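Please read the structure below before turning to the comments.
Heavy-atom basis, side chains included; hydrogens, waters and symmetry copies ignored. Computed from a predicted model, the values in this text were never measured in an experiment.
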Amino acid sequence: MSGRLRDRSSSQAKRHSHHQTTTTVAAVAMPNFLTETLPCPFGELATNLSDSALRETAYEILVGACRSTGGKPLTYISQSERNSERTATPTLTSTASLQRSLTSTAASKVKKALGLRSSGRKKVSGESDSERVKKAVTIGEMLRVQMGISEQTDSRVRRALLRVAAAQLGRRIESIVLPLEMLQQLKPSDFPNQGEYEAWQRRNLKLLEIGLLLHPLLPLDKTDTAPQRLRQIIRGALEKPLETGKNNESMQALRSIVLSLACRTFDGSASETIHWADGFPLNLRIYQMLLEACFDVNDETSVIEEVDEVLELIKKTWVVLGMNQMLHNLCFLWILFNRYVATGEVEGDLLFAANNLLMEVEKDSKSMKDPNYSKILSSTLSAILGWAEKRLLAYHNYFHSDNTELLECVVSVGVLSAKIMVEDISHEYRKKRKEIDVAHERVDMYIRSSLRTAFFQIMEKVKSSKRSSNKNQQNQLPFLSILAQDVSTLAFSEKAIFSPILKRWHPLSAGVAVATLHSCYGNELKQFVSSIGELTPDILQVLRAAEKLEKDLVQIAVENSVDSEDGGKSIIREMPPYEAESVVSNLVKSWIKTRIDRLKEWVDRNLQQEVWDPQANKERFAPSSVEVLRIVDEALEAFFLLPISIHAALLPDLTNGIDRCLQHYISKAKSDCGTRSTFVPSMPALTRCSSRSKVSGVFKKKEKFQKAQSRKSQVGTTNGNGSFGIPQLCCRINTLQHIRTELDVLAKRTIVHLRSSESHVNNIANGMGKAFELSAASCLEGIQQLCEATAYKVIFHDLSHVLWDGLYVGEVSSSRIEPFLQELEHYLEVLSLTVHDRVRTRVITEVMKAAFDGFLLVLLAGGPARAFTLQDYETIAEDFKFLTDLFWSNGDGLPVDLIEKFSTTVKAILPLFHTETDSLIEEFKYMTAESYGSSAKSKLPLPPTSGQWSPTEPNTLLRVLCYRSDETAAKFLKKTYNLPKKL
C-alpha cells in the first residue's frame with residue numbers, strides 16, 4: 001500500500017504546484033461537525049499542575065540537558081547552509097512510512113519520513129523574512145518562543161543553571177534533582193516580586209511531590225519514613241515559604257530526603273542517574289510539552305521546518321525523563337494525531353503523518369515488552385481507535401467522493417491500532433493468538449455498520465419525504481418502492497466510491513456492502529409482507545421494486561466475487577432470495593382464492609333467490625346465471641389488470657376455481673329436477689286375460705285400483721314446488737345452454753388477455769382448450785338430464801291421465817290416442833316457444849322418445865285393465881302413425897330420419913299384436929329355449945323384465961301373450977306360469 005501511494009505521490013508532484021496541493025488537502029479534509037477534545041491517554045497527574053507549569057518545567061529540563069552536553073549555544077543554521085553529512089537522523093525510516101503526495105522535496109528528513117509537506121521558512125514571533133536573515137537565531141531561542149517562555153524566565157533559568165553547574169562541579173543533568181537545585185539557587189531577588197517567587201517555589205515543591213511521592217519510577221517502600229517526612233516539609237512550605245539558604249536546616253533536611261528517594265535503584269546498587277522526573281505519567285506529560293513545540297505558534301496545524309533540530313535537542317532530555325525511541329514514537333504519534341483532531345481535522349497531513357508513525361509503533365510493539373509501555377500503548381491506541389471507529393462505523397456520514405484519500409488513511413489508522421492492540425494483548429497474557437485477520441474483520445464490521453446506518457438514515461429520509469408528499473398529494477409511489485430505488489443508488493455509489501478503497505483490506509468489500517443492504521431491506525420487506533391482507537397494485541409495485549433491487553445487489557456481489565477463492569459463495573449465502581415472485585405468486589393465489597370464495601357465495605345466494613321464471617327476461621334464462629357470469633368476467637378482467645408477469649402460470653388456478661364454481665351452479669340448477677326413472681311408473685305384475693266379454697267388467701272393478709296405483713307410483717318422485725314446472729325446467733335448460741355458450745366466449749377472451757399481457761407464452765390457445773372443461777361437460781350432461789326429465793315429466797306425469805290412465809283402457813276403439821295427442825301438442829307448442837333454439841330439437845326429440853316409451857309401456861305393461869285382440873292391431877298401428885305424424889308436423893317438426901330412428905323399436909313390436917296366438921307361443925318357447933338352453937326343456941322359466949323391448953326378446957313376447965284377449969293364450973299362461981287373471 002505504501003508503495004502504491006509513493007508512486008501516486010511522485011506523479012502528483014509533477015503535476016501540481018505547492019499552492020494547488022495545499023488547496024487540495026483543504027478540500028478533502030474531513031467534515032468538521034464539531035471540534036473534539038480527546039482525553040490524554042498518558043493519564044492525569046495525582047495533583048493539579050497546570051500546563052504552563054509543566055511547560056516551564058520542560059523548558060528548564062531542556063535547557064539544563066543542552067547545557068550539560070555542551071557549553072556552546074546551538075546557533076540556527078539555514079537549510080541551504082546545512083552540511084549534507086550531518087549526523088542527525090529522523091525518528092522514522094522513510095521506506096516504512098505511508099508517503100503523502102509532495103510538491104517539492106521536503107527540507108526536513110523527519111517531515112519527509114512522516115509524509116509532511118515542506119512549506120518554506122516559518123516566521124518566528126512575527127518577524128519579517130528580512131529580519132530573520134539579519135538576525136542569527138539559535139534553535140534554543142526558537143524553542144523558547146515556540147514554548148511560550150518569556151525572555152525574563154529564560155534568563156532566570158539560565159542564570160540558575162549556571163549557579164547549579166558551579167555548585168555541582170559540572171555534574172550532568174541526569175545526576176541532579178533539578179527542582180531541588182533550582183530551589184536552592186534562585187532567591188526572591190531573582191523574581192519581579194515576592195508573589196511570583198512563592199508561586200515558583202510552590203511549583204517546584206509540587207514537582208518534587210509528584211516525581212518522588214505520587215508518580216515515582218520505583219514504588220515506595222512502606223517501611224521507609226522518608227516519604228512521610230517529605231510530605232510534611234512540602235505541606236509546611238506550601239503554608240509558609242521555605243528558607244532555601246545553603247546552610248539552612250530545613251533546606252538541608254529537604255535535600256537529604258529528596259536525594260534518598262531519588263537515588264533509589266531497582267537492585268539497590270549505586271547509580272549516577274537520579275530518578276525524579278522519569279515516573280509515569282509525569283515524564284510523558286513533560287515530554288508532551290516539549291513535542292508540542294514542534295508546531296508553529298503562528299499556525300497550529302503546521303510542523304516547523306526546524307523539526308529535525310528541535311527533536312535533536314528534545315532527545316537530550318531522555319536521560320532525565322526516562323524516555324527512549326519507542327516511547328518517543330508513541331508520544332509523537334499522539335501529539336500529531338491529537339493536534340489533527342484538536343484543530344478541527346482540517347489538516348490531513350497531520351493524520352497521514354500519524355498513520356506513518358503508527359507503522360513504526362507497530363514495529364516497536366513487537367519488541368517492547370515493558371508493562372508501562374504496554375499500558376500507555378493500549379490507552380493511546382484505544383483513544384485513536386475510538387476516534388477512528390466513530391467515523392468508520394458510519395463512514396457514509398464523514399466521507400464522500402472528494403475525500404476518499406482521507407478515508408484510506410482513517411481506515412489504516414483504525415486497522416493498525418486494532419491490530420497492534422490484539423497482538424499486544426496476546427503478548428501480555430502469553431497466549432498463542434489465533435490466526436485471525438484483524439484488518440479483514442475490522443473493515444468487515446465497518447462496512448456492515450456504516451451501511452446499516454446509511455440504510456436507516458435513507459429510510460427515515462424517505463418516510464419524512466413521503467409524509468410531506470402525502471400532504472401535497474405528490475409522489476404516490478409506495479414507501480418501500482422509493483426505498484428500494486434509493487438503496488440501489490446507495491449500493492452503486494458504494495461500489496464506485498468506497499469499495500475500491502476498502503478492497504485493500506477486504507477483497508469482498510462491495511459484496512459485504514450489498515449483502516448488508518440486502519439484509520436491511522429484506523427485514524423491512526418481510527415485515528411488510530407479513531402484514532399484507534390482500535393483493536393491491538401498491539403491494540405488487542413494492543414487490544417488483546424489491547425484485548429489481550435484489551437483481552442489482554446480486555449483480556454487484558457477483559462482479560465483486562469474480563476473483564475470490566470461493567467465487568463469492570459466502571456472500572451469496574448471506575443473501576437469501578426475497579422470492580418476490582414467490583410472494584407475488586402466493587398473494588395472487590390468495591387473491592384468486594378470495595375471488596373464488598366470493599364467487600361461490602354469490603352462486604349460493606343467487607341460487608337461493610332464483611325462481612327459474614322464463615319470463616324474467618327475453619332470452620328466457622335465469623337472471624342468476626347472468627349475475628354469476630358477470631362476476632366471473634369481472635374476476636378475469638381484474639386478474640389480467642394485476643401488474644404481474646406470471647399471468648400464464650397462475651391463470652389455471654383462477655380458471656379451475658371458476659370452473660368449480662360454475663360446476664356447482666350447474667349441479668344446483670339440475671338437482672331435484674328428476675330423471676327418466678323418476679317419472680316412469682313401475683310395471684304392474686303379469687296377469688292373463690280371459691275372454692273379451694269379461695274385460696269391461698274387469699275394468700270396472702279394477703279402474704279405481706289402477707288409477708290409485710298409478711298415482712301411488714308418483715308419490716315422492718316429484719316436487720310440488722313451482723320451480724319444477726315445465727316452464728321452469730325449460731328455463732333451467734336455457735340457462736345451462738347460455739352458460740355453455742358463454743364458456744366459449746370466456747375462453748376466447750382469456751386468450752386475448754393472455755396475448756396482450758406480459759406473459760408471453762407459446763401454445764396459449766392449446767393451453768386454454770382445457771379451461772372450464774368441468775363446467776362444459778356438466779352443462780352437456782345437465783342439458784341432457786333436464787331435457788330427458790322434462791320429456792318424461794310431460795309424458796308420464798303431466799299427461800298420465802290421458803296416456804297411462806286412459807289410452808286403451810277398456811275397449812280399444814273407445815279409448816284411442818286422440819286425447820293424448822291433443823294435450824301433447826299443447827305441451828310441444830309451449831316447449832317450442834320456451835326453450836332456446838339450439839336445444840329445441842333435443843327437447844322435442846326427448847319428448848318423442850318418452851312418448852314412444854309410454855306407448856310401448858301401455859301395450860306391454862298397461863296392467864289387467866287393458867287387453868288386445870288381433871283385430872285391434874289396425875287401430876293401434878294407426879294411432880302410432882298419428883303419434884309420429886304429430887312430431888313430423890307436416891315437415892315443420894322433427895326430421896323424418898330422426899323419427900324413423902327412434903320409432904324402430906315400436907314398429908318392430910307392433911306386428912306381434914296381429915300374430916296368431918299359437919305362433920306367438922311357439923316363438924316364445926323357441927326364444928326362451930335359446931336363452932336358457934337345456935334347462936328350458938323340462939319347464940319354461942319365467943323370463944325377467946329387461947326393459948329392452950324386442951320382438952325376439954322372451955319377456956316382450958310373454959307380455960304380448962299376457963295382454964292377448966284369447967283363450968289359448970290364457971290357458972298357456974295358466975298352465976305354464978299359473979298367472980292370475982287379476983291383481
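The two residues L327 and G322 make their nearest non-hydrogen contact at CD1-O, 3.8 Å. Nearest heavy atom pair, residue G211 against residue L282, reads CA-CD2, 3.6 Å. Taking both residues in full, the closest heavy atoms of R285 and F42 are given as CD-CB, 4.3 Å, listed atom of the first, atom of the second, then distance. When all heavy atoms of R144 and Y59 are compared, the closest pair comes out as CB-OH, 3.5 Å. Of all non-hydrogen atoms in C294 and V307, the two that sit nearest each other are SG-CG2, 4.0 Å. Contact detail for G414 and L385: the closest heavy-atom pair is O-CD1, 3.3 Å.
In this structure, the side chains of L357 and L114 come closer than 4.5 Å at one or more pairs of heavy atoms. In this structure the side chain of L62 never reaches within 4.5 angstrom of the side chain of K316, judged on heavy atoms. Considering only heavy atoms from C-beta on, E347 stays 4.5 Å or farther from S302 through its side chain. When side chains are defined from C-beta on, K111 does not count as touching D308, because their heavy atoms never get closer than 4.5 Å. Here the side chains of H506 and Y446 are not in contact, with every heavy-atom distance at 4.5 Å or above. Here the side chains of K369 and S374 are not in contact, with every heavy-atom distance at 4.5 Å or above. Using a 4.5 Å heavy-atom cutoff, the side chains of E345 and R391 are in contact. When side chains are defined from C-beta on, V410 counts as touching F399, because their heavy atoms get closer than 4.5 Å.
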- Please lay out, stage by stage, how R55 and S50 fare under the test side chain to side chain donor-acceptor pair (under 3.5 Å). CA-CA 9 Å; R55 193 173 295 110; S50 67; over 6 Å; no
- Query: Going through the checks in order, is the side-chain contact (heavy atoms from CB on, under 4.5 Å) test met by V110 and L311?
  - Reply: CA-CA 9 Å; V110 171; L311 288 177; 4.0 Å; yes
- Kindly determine whether L290 and M147 satisfy side-chain contact (heavy atoms from CB on, under 4.5 Å), including the steps that lead there. CA-CA 8 Å; L290 292 170; M147 294 183 70; 3.8 Å; yes
- Task: Under the side-chain contact (heavy atoms from CB on, under 4.5 Å) rule, what do E305 and D296 come out as? Steps first, then yes or no, please.
- Result: CA-CA 9 Å; E305 287 301 308; D296 196 323; over 6 Å; no
- May I have the step-by-step check of side-chain contact (heavy atoms from CB on, under 4.5 Å) for W318 and Q325, ending in yes or no? CA-CA 9 Å; W318 287 5; Q325 185 67 53; 3.5 Å; yes
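For Q152, there are no side chain to side chain donor-acceptor pair (under 3.5 Å) partners, not counting sequence neighbours. Residues satisfying the side-chain contact (heavy atoms from CB on, under 4.5 Å) criterion with S401, sequence neighbours excluded, are I497. Under the side-chain contact (heavy atoms from CB on, under 4.5 Å) criterion, N204 pairs with E60, P179, M182, L183, W200, L207, sequence neighbours left out.
At a cut-off of 3.5 Å, with distance as the only test, no side-chain donor of N283 or D278 sits close to an acceptor on the other residue. At a cut-off of 3.5 Å, with distance as the only test, a side-chain donor of H396 or E494 sits close to an acceptor on the other residue. The closest side-chain donor-acceptor pair between S450 and T453, if any, does not fall under 3.5 angstrom.
The distance between the ring centers of Y395 and F498 falls below 6.0 angstrom.
No donor-acceptor pair closer than 3.5 Å links the side chain of H215 to the backbone N or O of L45. Side chain of S155 to backbone of E151: no donor-acceptor contact under 3.5 angstrom is found. T317 places no side-chain N or O within donor-acceptor distance of the main-chain N or O of V320, the cut-off being under 3.5 Å.
To the nearest 0.5 angstrom, L392 atom CG is 9.5 Å from S449 atom OG. Within the model, atoms CG of L358 and NZ of K419 stand 11.0 Å from one another, a figure rounded to the nearest 0.5 Å. Between the OG1 atom of T404 and the CD atom of E408 there is a distance of 8.0 Å, given to the nearest 0.5 Å. Separating the OG atom in S509 from the CD1 atom in I447 is a distance of 5.0 Å, to the nearest 0.5 Å. To the nearest 0.5 Å, atoms CG (L291) and CE (M323) are separated by 7.0 Å. Separating the CG atom in D370 from the CG atom in L377 is a distance of 11.0 Å, to the nearest 0.5 Å.
Taking the six-membered ring where tryptophan is involved, the planes of F337 and W387 are perpendicular, since the angle between them exceeds 60° and thus also 30°.
Ion pairing of E209 with K206 is absent here, as no side-chain N (NZ or NE/NH1/NH2) approaches a carboxylate O to less than 4.0 Å.
Stacking of R339 on the aromatic ring of F295 is recorded, both the 6.0 Å distance cut-off and the 45° axial limit being met.
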